[in-house]
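Per chain, numbering begins at 1; letters A, B, ... match sequence-line order. The basis for the numbers below is simple: all heavy atoms, side chains too, and nothing from hydrogens, waters or symmetry mates.
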2 protein chains.
Amino acid sequence: MEKKLSRAEQKARRPHEILDAAFEEFVEKGYAATRVEDVGARLGVTKGTVYLYFPTKEALFEATIGHVSAPFEDVRASIDALQGSHSDRLRQLLLLGYDKLAGDRKTRELLRLQLAEGSRFPNIIDRHYGEFVAPLLDAVRALIEQGVASGEFHQGAAASMPEVVISSAIHLTIWKLIFADRNPIDEATFIEAHIDLVLNGLLARRR
Amino acid sequence: MEKKLSRAEQKARRPHEILDAAFEEFVEKGYAATRVEDVGARLGVTKGTVYLYFPTKEALFEATIGHVSAPFEDVRASIDALQGSHSDRLRQLLLLGYDKLAGDRKTRELLRLQLAEGSRFPNIIDRHYGEFVAPLLDAVRALIEQGVASGEFHQGAAASMPEVVISSAIHLTIWKLIFADRNPIDEATFIEAHIDLVLNGLLARRR
DNA sequence: TATCGCTGACTTACTAGTTAGTCAATGGAT
DNA sequence: ATCCATTGACTAACTAGTAAGTCAGCGATA
């Protein structure tokens with residue numbers, strides 16, 4: 001039990017603690033229904049303390065979104081490091097996507113907050129698009145174009161629209177957000193089916 | 001200008017008018033931030049009038065969700081009426097899905113409300129699953145199974161997971177909800193790419 | 001004129017944001 | 001090592017504003 005934190009240490013931790021608590025509250029109640037006092041209460045601290053670190057509830061919300069969006073910077077590097085045939089790399093890319101998006105509760109709930117509050121906080125949408133969505137789509141597009149150039153992938157409409165290749169990962173994320181544990185899906189089977197569909201399609205192969 | 005409505009006619013219309021107005025307000029502001037007074041104001045009527053028809057704000061919200069979910073009953077019939085090869089019918093089914101889900105603003109915004117408020121109104125989720133999601137998935141699954149049985153579709157993991165076949169429609173819907181008109185997608189190309197991917201996959205066909 | 005859909009002022013309850021005051025940690029002096 | 005003046009993170013009680021829900025009365029309709 002390390003109840004012994006110096007003042008400086010405690011002060012340095014506060015903003016992080018507050019943002020973590022705020023994220024949980026905003027996820028659970030939404031922006032409007034969240035009370036700043038309840039955010040503080042999660043830390044055993046009063047509303048006044050929260051207002052020492054964040055000037056308004058809006059600023060707290062935007063900082064909270066930035067706080068959980070931060071750990072995305074490594075995704076781009078992971079994508080460039082993939083090895084193997086284009087099919088292999090695409091498979092790995094999709095698995096990575098499931099891990100970071102559908103598999104990570106914080107990322108999932110971030111998507112919920114974007115949908116729920118995005119129209120009132122447009123800048124969180126724009127930031128997320130520039131920092132996460134656009135680079136990811138560019139990486140998928142580049143990978144598919146390489147596969148087409150090498151002859152491994154066929155030249156079809158799907159090759160120019162990377163969204164349709166990754167969209168099942170979005171679907172699973174939304175499913176988990178809406179149904180939580182009420183209508184669970186077998187995720188391993190789902191992911192396998194997705195990869196099978198992306199690579200092979202539905203039509204029987206002629207020989 | 002038909003300002004001449006009898007009292008009985010006006011009274012019969014009121015609940016519908018209120019629900020239409022409430023839907024717009026809830027979509028724009030979310031449940032918590034919506035003011036009952038503003039719902040009334042859309043009709044040029046005061047808060048008191050709204051409370052003559054709905055006992056609480058919560059009841060108004062649940063009735064609003066039920067109001068916009070209502071017109072789904074015909075979807076099932078449309079699916080059963082499809083004609084042609086299994087590929088043709090699947091294509092028509094997907095086009096129908098885009099039309100009813102991504103293409104219809106009310107349905108799209110209903111999805112947003114489910115995501116945003118579902119955790120505080122669980123029954124709207126359960127109703128929607130039973131009345132819309134489950135029947136749709138069953139129809140897609142049945143169609144794919146018939147295609148596999150006939151030899152037109154190959155027997156793969158995707159055949160048992162109808163979600164991965166329709167998920168691009170969900171993706172486009174989410175995209176439109178989040179980015180509205182800031183990052184528009186060419187929808188015709190998107191849908192074409194989706195159908196191409198579902199039928200052919202990415203791998204080049206051997207000859 | 002009797003009815004009744006509607007009004008709008010009112011009550012009640014709640015919350016964002018403020019600020020004067022508290023007290024425990026700190027660190028220099030002895 | 002001990003004392004103690006100072007700091008500053010935090011609190012608690014406050015203001016000001018807002019919104020849900022109520023109801024006595026109004027006035028157009030039939």
Side-chain angles (χ1 to χ4, degrees), chain A residues 1-65 113 116-117 120-121, chain B residues 1-65 113 116-117 120-121:
Chain A
M1 39 191 67
E2 3 64 276
K3 276 279 178 186
K4 293 293 152 221
L5 286 178
S6 72
R7 277 186 146 193
E9 283 169 329
Q10 184 58 274
K11 172 158 189 174
R13 272 164 208 249
R14 272 283 178 259
H16 285 281
E17 293 178 333
I18 291 172
L19 291 174
D20 286 340
F23 180 72
E24 296 303 327
E25 288 291 319
F26 284 134
V27 161
E28 194 173 305
K29 314 248 185 73
Y31 176 78
T34 289
R35 305 183 326 135
V36 176
E37 183 148 14
D38 290 342
V39 172
R42 286 203 174 230
L43 314 174
V45 143
T46 62
K47 187 167 52 159
T49 302
V50 178
Y51 277 101
L52 291 176
Y53 294 89
F54 300 94
T56 64
K57 189 184 173 187
E58 284 197 11
L60 174 62
F61 182 74
E62 300 202 355
T64 301
I65 298 294
L113 286 175
E117 318 290 352
R120 272 146 278 150
F121 296 89
Chain B
M1 38 194 64
E2 3 63 275
K3 275 280 179 187
K4 292 295 150 215
L5 286 177
S6 73
R7 277 186 141 192
E9 283 168 330
Q10 185 60 274
K11 174 160 188 172
R13 274 164 207 247
R14 273 281 179 259
H16 285 283
E17 293 177 334
I18 292 173
L19 291 174
D20 287 339
F23 180 71
E24 296 303 327
E25 288 290 319
F26 285 133
V27 160
E28 193 174 307
K29 314 248 185 74
Y31 175 78
T34 288
R35 306 183 325 135
V36 175
E37 182 149 15
D38 289 342
V39 172
R42 285 202 175 232
L43 315 174
V45 145
T46 63
K47 187 167 52 161
T49 303
V50 177
Y51 278 101
L52 290 175
Y53 293 88
F54 301 94
T56 64
K57 189 183 171 186
E58 284 197 11
L60 174 62
F61 181 74
E62 300 202 356
T64 301
I65 298 295
L113 286 174
E117 318 290 353
R120 273 146 278 150
F121 295 90

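Relative orientation of the B/Phe121 and B/Phe61 rings is tilted, given thresholds of 30° and 60° on the angle between their planes.
Nucleotide D/dG8 holds its P atom 12 Å from the OH atom of A/Tyr53, rounded to whole Å. Protein atom CD of A/Glu58 is 12 Å distant from nucleotide atom P of C/dA16, rounded to whole Å. The CD atom of A/Glu37 sits 14 Å away from the C1' atom of C/dA13 (whole-angstrom rounding). The interatomic distance linking B/Glu9 (CD) with C/dG5 (C1') rounds to 15 Å, in whole Å. The nearest whole Å value for the distance from the NZ atom in B/Lys57 to the P atom in C/dA13 is 18 Å. Between the OH atom of A/Tyr51 and the P atom of C/dG17 there is a distance of 4 Å, given to the nearest Å. If you measure from atom CG of B/Leu60 to atom P of D/dA20, you get 10 Å, rounded to the nearest angstrom. Rounded to whole Å, atom C1' of D/dG8 lies 10 Å from atom CG of A/Leu52.
A 4.5 Å side-chain heavy-atom check between B/Thr64 and B/Glu25 finds every atom pair outside the cut-off.
Among the heavy atoms of the strands, none lies under 4.0 Å from A/Phe54. No engagement by B/Gly40 is indicated, since no non-hydrogen atom pair under 4.0 Å with the nucleic acid exists.
Ranking D/dT11, C/dA16, C/dC6 by closeness to the A/Arg35 side chain, first place goes to C/dA16. Listed candidates were D/dT11, C/dT7, C/dA16. Nearest to the side chain of A/Val45 is D/dT11. The listed nucleotides are C/dG5, D/dC10, D/dG21; the one nearest the side chain of A/Gln10 is D/dC10. Listed nucleotides: D/dA20, C/dC6, D/dA9. Nearest to the side chain of B/Lys47: D/dA20.
Using a cut-off of 4.0 Å between Lys/Arg side-chain N and Asp/Glu carboxylate O, B/Arg13 and B/Glu17 are scored as not salt-bridged.
Here the side chain of A/Lys29 pairs no donor or acceptor atom with the backbone of A/Arg35 at under 3.5 angstrom.
Summary of the strand contacts: A/Thr46 and B/Thr56 both lie near DNA chain D, and taking for each the nucleotide with the nearest heavy atom, the more 5' one is attributed to A/Thr46. Comparing A/Gly48 and A/Ala32 along DNA chain C, the residue whose closest nucleotide (by nearest heavy atom) sits nearer the 5' end is A/Ala32.
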Exercise. Can you list the steps and then say if B/Arg14 with B/Thr49 is a side-chain contact (heavy atoms from CB on, under 4.5 Å)?
Worked result: CA-CA 9 Å; B/Arg14 273 281 179 259; B/Thr49 303; 4.2 Å; yes
